[in-house]
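Structure first, commentary second.
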Amino acid sequence: MEDKVSLLAKTLTPSPIQQLSLLAQRCNAINLAEGFPDFPAPSHIKDAAIAAINSDFNQYRMKQMHGLDVDPLTDIAICCGQSEAFAATMFAIINPGDEVILFDPSYETYETCIKMAGGVPVYVSLDPPHWNLGRDKLMMSFTLRTKAIVLNSPHNPTGKVFTEDELEIIAGACRARDCLAVTDEVYELITYDNEEHISLASLPEMQNRTIITSSLSKTFSVTGWRIGWAIAPACFASAIRNIHIKVTDSAPAPFQEAALVALTSPPEYFESLRKDYESKRDYIVELLLRVGFQLHMKPKGSFFVFAELPESCILSDIEFVEELIKQAGVVAVPGCGFFHTNQSSDEFSQAAFSYQKKYIRFAFCKSDATLYSAAQKLGQLCDAEGPLKLMYSGECTAH
Ligand SMILES: Cc1ncc(COP(=O)(O)O)c(C=O)c1O
């Protein structure tokens with residue numbers, strides 16, 4: 001029966017990350033890999049969801065949110081998380097062969113959604129170690145088929161917040177090439193060191209060509225509630241809504257009610273969210289430096305650290321994570337899964353992109369107890385002088 005599986009589905013094979021997840025489960029490893037908080041959601045939001053369920057908010061619903069000047073009746077599509085909002089956006093804007101520009105490294109699901117919608121992802125690599133955006137590189141990636149550019153800021157996996165200059169470069173390119181922007185702003189309220197998130201849509205002449213996607217998942221630690229949205233000019237919002245209705249019909253109604261309460265939380269909630277994450281960030285940054293990782297920048301947003309392997313380390317990122325699971329009982333994500341520009345087999349580009357096998361992503365959206373246990377376990381692998389030394393013990397048993 002396998003021949004009945006579509007060609008598209010066959011291209012969606014498990015990534016090394018999924019294989020390592022299996023190994024991590026078997027070893028009962030501490031999970032610093034996935035970006036879901038392991039602590040409770042805020043009680044005022046849970047209470048709102050329970051109240052909505054008890055009041056029988058059980059039917060299909062759409063609701064309003066966000067700060068820009070938008071018409072809630074025409075410019076918003078509520079979806080099942082940012083993930084569905086993004087996928088529906090791709091189906092709403094892509095014709096076969098249209099190109100969509102992505103930055104490299106990037107969150108993995110964008111590429112799949114673009115391809116499923118018949119589009120072609122075109123990658124522009126950000127320059128390590130600070131992941132700066134080069135104007136010329138970006139401009140050279142445009143062709144007559146370019147339909148849109150995707151911007152995720154604050155950025156997964158690097159924790160970068162795109163600077164005002166970089167936003168202006170992207171906006172300028174969109175205006176000059178009459179191209180759309182699709183933003184993923186799920187970490188918009190998780191920024192550090194007084195860094196403020198700026199939505200690309202707020203730059204001059206950008207709101208009418210930007211589709212903002214975001215969700216409740218990260219800001220309110222409710223990744224399983226599946227409430228997200230797209231905010232866009234009416235023609236796109238209605239196309240996205242039509243696709244959403246055909247695929248899922250509605251986002252969960254009681255959680256939409258709770259979303260209203262969540263989004264009108266008092267400023268103290270958002271302040272303490274940032275503060276709590278900032279202290280977790282400082283803790284993990286200090287830990288990773290102590291055990292020998294190279295960090296060229298502290299994350300300015302999101303809840304990830306993208307750490308370069310210790311200089312003396314001869315393992316690849318995948319080998320390193322495999323050993324981390326087996327020897328320390330801690331799992332993180334090998335960075336290679338976030339890179340896409342190194343697809344060529346020629347030696348020159350292999351060498352130029354060799355940095356892509358040297359990064360590990362650690363998620364710090366975890367309780368202090370989890371982070372402390374991970375610190376203990378990593379510490380045990382260091383000798384008195386540090387840094388952490390891992391030898392490769394063989395092929396990953398999860399393969
Ligand atoms: C950059 C980014 N966008 C979107 C998502 C998924 O968001 P949602 O739960 O709203 O689908 C994640 C989750 O890890 C993410 O890191």
Side-chain angles (χ1 to χ4, degrees), residues 15 17-18 21 31-38 41 45 49 63 65-66 76-91 100 102-114 116 121 126 131 149-162 181-191 197 199-200 211-231 240 243-244 247-248 250-252 255-256 258-259 262-263 277 281 299-306 331-333 335 337-340 359 361-366:
S15 66
I17 299 175
Q18 285 165 293
S21 286
N31 189 344
L32 299 188
E34 284 149 321
F36 64 82
D38 70 348
I45 299 164
K63 289 289 178 191
M65 42 195 133
H66 215 273
I76 298 179
I78 308 291
C79 296
C80 299
Q82 185 277 343
S83 307
E84 195 214 355
F86 186 87
T89 300
M90 293 302 114
F91 282 102
V100 178
L102 295 172
F103 295 121
D104 208 33
S106 69
Y107 181 54
E108 308 110 296
T109 64
Y110 306 142
E111 173 168 305
T112 314
C113 292
I114 293 165
M116 285 197 298
L126 299 171
W131 311 108
I149 179 164
V150 174
L151 172 66
N152 166 221
S153 180
H155 184 247
N156 175 3
T158 65
K160 170 190 171 73
V161 172
F162 282 68
V182 180
T183 63
D184 174 352
E185 306 186 25
V186 293
Y187 300 107
E188 60 199 312
L189 288 153
I190 304 178
T191 55
H197 166 70
S199 178
L200 187 67
I211 298 164
I212 297 172
T213 63
S214 193
S215 76
L216 283 196
S217 293
K218 314 293 177 177
T219 313
F220 299 98
S221 309
V222 287
T223 53
W225 283 16
R226 312 312 304 141
I227 298 292
W229 52 87
I231 299 175
I240 293 165
I243 289 160
H244 157 74
V247 177
T248 59
S250 167
F255 295 134
Q256 289 193 50
L263 291 166
Y277 272 133
R281 177 203 62 170
K300 292 275 183 190
S302 84
F303 40 52
F304 301 111
V305 184
F306 207 44
V331 57
V333 178
F338 300 100
F339 290 104
H340 309 79
Y359 286 88
R361 192 196 72 177
F362 291 89
F364 55 88
C365 50
K366 307 294 166 186

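Atoms within each ligand, like the ligands themselves, are counted from 1 in listed order.
- Sorted by chain then number, the residues whose non-hydrogen atoms approach ligand 1 to under 4.0 Å are Gly81, Gln82, Ser83, Tyr107, Tyr110, Asn152, Asn156, Asp184, Val186, Tyr187, Ser215, Ser217, Lys218, Arg226.
- Using a 4.5 Å cut-off on side-chain heavy atoms (C-beta onward), Tyr110 and Asp184 make contact.
- Between Tyr187 and Phe303, the two ring planes are perpendicular [angle over 60°; tilted spans 30° to 60°].
- A cation-pi contact links Lys366 to Phe36, judged by a cut-off of 6.0 Å to the six-membered ring centre and 45° from its axis.
- Classification of the Phe339-Phe306 ring pair by plane angle, with boundaries at 30° and 60°, yields tilted.
- The closest donor-acceptor contact from the side chain of Lys218 to the backbone of Gly35 lies under 3.5 Å.
- Taking CZ of Phe304 as the reference point, atom CG of Asn156 lies at 4.0 Å (rounded to 0.5 Å).
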